[in-house]
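Every chain is numbered from 1 and lettered A, B, ... according to where its sequence line falls, protein lines coming before strand lines.
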There are 2 protein chains.
Amino acid sequence: MDRARLDIIRDFNRTVTLRSGALDESYLGRGRPLGQARLLFEIGDGGRDLKDLRQRLRLDSGYLSRLLASLRRQGLVTVAAEPTDRRQRRAVLTDAGRAEWAAYDDLSDEVARSMLAPLSPNDGARLVAAMGEVRRLLAASSVAIAVEPPASPEARACVAAYVCELGRRFEEGFDPGNGNPTPDDDALTPPAGCFLVARLDGRAVGCGALRRLSPGIGEIKRMWVAPEARGLGLSRRLLAALEDQARDLGFERVRLDTNRALTEAQALYRSAGYRAIERFNDNPYADFWFEKELG
Amino acid sequence: MDRARLDIIRDFNRTVTLRSGALDESYLGRGRPLGQARLLFEIGDGGRDLKDLRQRLRLDSGYLSRLLASLRRQGLVTVAAEPTDRRQRRAVLTDAGRAEWAAYDDLSDEVARSMLAPLSPNDGARLVAAMGEVRRLLAASSVAIAVEPPASPEARACVAAYVCELGRRFEEGFDPGNGNPTPDDDALTPPAGCFLVARLDGRAVGCGALRRLSPGIGEIKRMWVAPEARGLGLSRRLLAALEDQARDLGFERVRLDTNRALTEAQALYRSAGYRAIERFNDNPYADFWFEKELG
DNA sequence: TCCATTCTCTGACTTAAGTCAGAGAATATC
DNA sequence: GATATTCTCTGACTTAAGTCAGAGAATGGA
């Protein structure tokens with residue numbers, strides 16, 4: 001049973017990498033090594049910071065430098081310092097570079113089209129649907145959730161995005177300083193509490209915090225998932241991970257509050273075994289309060 | 001609309017090659033270059049002919065030779081001449097080689113497992129289902145159908161498999177020499193007729209023949225799809241390709257006969273627009289006769 | 001202001017991967 | 001029995017890809 005499933009996945013990995021390797025080969029058709037082609041394509045229409053490129057393509061800085069030099073020699077790219085921070089540099093495509101980019105873009109389309117072409121319309125639609133599903137679920141399965149210091153830049157960015165989103169969604173707006181004191185970093189650091197960050201390929205795409213409310217009771221705060229990572233079942237995993245942390249930190253139950261505008265959050269809490277309780281704080285933005293006994 | 005579908009496919013290609021690259025990386029973890037690791041894995045438990053290995057992994061013969069030499073130096077592989085044809089050689093794993101093979105096998109399982117692990121049981125099942133579907137449809141889409149000489153070894157092998165299968169499936173057995181004279185190669189070669197072979201990654205997985213029955217009327221024969229390639233919609237594509245060929249060769253209609261045991265073939269012909277007609281030949285194995293007007 | 005840090009570049013490497021021509025043995029074909 | 005063909009191997013290459021140490025400019029913080 002499990003064997004059969006593993007075999008399907010292994011088969012998939014085998015054949016699909018082979019087929020998708022067709023893209024690499026079509027890229028090579030333009031007479032440029034893959035590394036250069038990928039770099040050119042990644043720089044894209046708007047240009048990109050070298051740091052960004054290095055992270056995305058996982059390149060050694062020396063190697064990137066050399067690849068760029070060769071694209072520059074071909075007249076496809078210019079590199080200039082950022083005005084804001086002149087240590088950083090930014091690669092931008094020239095007109096010739098943009099033309100090459102378009103050619104690679106066309107090749108990508110062609111490969112995609114050639115996968116659909118031999119299939120009946122019905123099978124083609126099934127293929128696209130199945131590919132979308134695989135992509136979505138593989139993305140979901142490669143999200144890693146880990147405890148991180150709440151003061152890290154990524155954690156701060158998540159919280160900022162969270163605050164910004166609440167401001168947009170609450171009817172009454174949201175001012176994080178109003179009434180509900182923001183927990184300081186120590187309160188969100190073990191052993192007092194913790195801060196979880198969910199990462200997809202290194203990029204932070206979600207967070208959640210746990211702090212001590214009173215003896216034996218933890219409070220869950222700052223649960224947030226980036227828009228591009230929604231629909232992956234991530235909030236449910238974050239919630240479960242926070243509950244695991246709460247258990248490890250010795251809490252017997254956890255509480256949380258939420259605003260009436262966040263209907264999907266309420267549904268999540270209910271389906272995860274939370275029950276509505278009386279108001280336990282004076283958060284002016286809270287409309288519902290929940291609690292769960294940890295098993 | 002089409003744009004959206006292409007983007008899903010491109011997205012899929014991107015992320016999936018990335019994720020399945022995890023397998024390569026895990027292979028590298030055993031301190032051996034990928035080429036060697038893949039070769040070792042491909043030799044497998046029972047050993048493999050070098051020619052076979054070269055085709056599967058698309059290796060230059062010199063390169064293969066060197067890779068094998070290095071595996072031999074590591075004591076993982078022995079290479080010996082085939083007794084039947086002493087130009088050919090066969091690579092076989094030693095005990096140490098088999099142990100390494102098992103280690104790579106475990107790594108493949110582990111990668112597959114790690115894709116399932118973070119998902120809920122429900123999502124895991126959906127992932128496996130979607131992967132199976134993608135694999136199946138990509139295989140279907142990479143089958144190529146082409147006119148080939150009916151005397152080629154691959155064509156002969158297809159016909160032999162076809163004859164063998166009819167022998168198994170007909171209640172009365174099947175003797176290709178009985179009553180129904182087998183068309184000679186010229187009759188299945190343009191401009192008289194043609195022979196189509198369907199190939200999946202170079203391997204012949206199906207065939208179909210067309211010959212002249214009388215002026216303006218062609219006859220379809222020898223339609224066969226290998227068991228491992230069934231369920232890909234291949235027979236429908238073969239039939240359509242034969243009809244295209246018939247049009248090109250100037251036929252106005254095509255006929256065919258079939259045995260009562262081949263129920264799925266009858267269903268195919270009906271759904272492809274064929275109508276039952278009176279007996280038009282004296283094939284002792286035929287129970288039904290069909291005809292289609294070519295548009 | 002000084003010092004540590006960040007960011008990019010250069011030089012000097014290593015290694016894997018792959019190509020090509022041709023030699024030599026075994027076999028198939030006429 | 002001569003000749004062509006098939007199959008593998010060796011030698012001599014090229015190229016891409018990637019690593020590592022360190023230099024040099026710009027910036028941020030004590």
Side-chain angles (χ1 to χ4, degrees), chain A residues 17-18 21 24-25 27-43 47-74 77-92 151-154 156, chain B residues 17-18 21 24-25 27-43 47-74 77-92 151-153:
Chain A
T17 43
L18 218 126
D24 289 352
E25 275 179 41
Y27 270 28
L28 282 177
R30 297 194 66 75
R32 193 171 285 119
L34 255 187
Q36 284 180 34
R38 274 202 271 254
L39 177 56
L40 174 68
F41 195 71
E42 201 68 34
I43 292 171
R48 272 240 156 73
D49 291 340
L50 301 204
K51 198 183 166 189
D52 196 3
L53 288 170
R54 243 180 26 233
Q55 280 178 357
R56 276 167 189 264
L57 299 172
R58 292 200 191 111
L59 297 173
D60 173 89
S61 67
Y63 189 27
L64 172 62
S65 189
R66 248 173 281 270
L67 285 177
L68 276 173
S70 115
L71 288 178
R72 223 163 32 198
R73 270 194 302 278
Q74 295 169 55
V77 160
T78 58
V79 180
E82 284 281 17
T84 54
D85 180 343
R86 290 187 20 224
R87 287 171 303 185
Q88 283 193 47
R89 308 194 75 200
R90 186 178 182 77
V92 179
S152 78
E154 312 270 352
R156 294 271 192 250
Chain B
T17 44
L18 217 128
D24 290 352
E25 275 180 40
Y27 271 28
L28 283 177
R30 298 196 64 76
R32 195 171 282 118
L34 255 187
Q36 285 181 32
R38 276 202 270 254
L39 177 57
L40 174 69
F41 195 69
E42 201 68 33
I43 293 171
R48 272 240 156 71
D49 291 339
L50 300 204
K51 198 184 166 188
D52 197 2
L53 288 170
R54 241 178 28 233
Q55 280 177 358
R56 278 166 189 266
L57 300 172
R58 291 197 192 114
L59 296 173
D60 173 89
S61 68
Y63 188 27
L64 172 61
S65 190
R66 248 173 282 270
L67 285 177
L68 277 174
S70 114
L71 289 179
R72 223 164 32 199
R73 272 194 302 277
Q74 295 169 55
V77 159
T78 59
V79 180
E82 284 280 19
T84 54
D85 180 344
R86 287 182 27 219
R87 289 170 302 184
Q88 284 194 47
R89 309 193 75 199
R90 186 178 182 78
V92 178
S152 76

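- A:I43 has its side chain within reach of A:L68: a pair of non-hydrogen atoms, C-beta onward, lies under 4.5 Å apart.
- Among the atoms of the strands shown, only primed sugar atoms or phosphate atoms (P, OP1, OP2) are found under 4.0 Å from some heavy atom of A:L34.
- DNA chain C lies under 4.0 Å from at least one heavy atom of each of the following residues of residues 51-63 of chain A: A:K51, A:R54, A:S61, A:G62.
- In terms of the salt bridge (charged side-chain N to carboxylate O under 4.0 Å, His left out) criterion, residue partners of B:R90 (sequence neighbours excluded) are, by chain and number, B:D49, B:E82.
- In this view, A:R87 and A:D85 satisfy the salt bridge (charged side-chain N to carboxylate O under 4.0 Å, His left out) rule, not counting sequence neighbours.
- With a cutoff of under 4.0 Å to any heavy atom of chain A, the contacted region of DNA chain D is bounded 5' to 3' by D:dA16 to D:dT27.
- In this structure A:A69 satisfies the side-chain contact (heavy atoms from CB on, under 4.5 Å) test together with A:R72, A:R73, sequence neighbours excluded.
- Residues satisfying the side-chain hydrogen bond (donor to acceptor under 3.5 Å, both in side chains) test with A:R156, not counting sequence neighbours, are A:D185.
- The side-chain contact (heavy atoms from CB on, under 4.5 Å) check on B:T17 picks up A:S20, with sequence neighbours excluded.
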Quiz: residues 32-42 of chain B side-chain donor-acceptor pairs under 3.5 angstrom, not counting sequence neighbours:
unit_1, atom_1, unit_2, atom_2, d
B:R32, NE, B:Q74, OE1, 2.9
B:R32, NH1, B:E100, OE1, 2.7
B:R32, NH1, B:Y104, OH, 2.9
B:R32, NH2, B:Q74, OE1, 3.3
B:R32, NH2, B:E100, OE1, 3.4
B:Q36, OE1, B:S70, OG, 3.2
B:Q36, OE1, B:Q74, NE2, 2.7
B:Q36, NE2, B:S70, OG, 2.8
B:R38, NH1, B:D24, OD1, 3.3
B:E42, OE2, B:R56, NH1, 3.4

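- Of the inter-residue distances, the one linking A:L57 atom CG with A:D52 atom CG reads 9.0 Å to the nearest 0.5 angstrom.
- The residue among A:L67 and B:L64 whose nearest nucleotide of DNA chain D is located toward the 5' end is B:L64.
- Sorted by first then second residue, the salt bridge (Lys or Arg N to Asp or Glu O under 4.0 Å) pairs that include residues 58-71 of chain B, not counting sequence neighbours, number zero.
- Residue B:L50 is the one, among B:L50 and A:P33, whose nearest nucleotide of DNA chain D lies closer to the 5' end (criterion: closest heavy atom).
- Contacts of A:S61 classified as side-chain contact (heavy atoms from CB on, under 4.5 Å), with partners at least two apart in sequence or in another chain: A:R54.
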At under 4.0 Å between heavy atoms, how does the protein contact nucleotides 25-30 of chain C? Give one character per nucleotide, 5' to 3', with B, S or -. -BB---
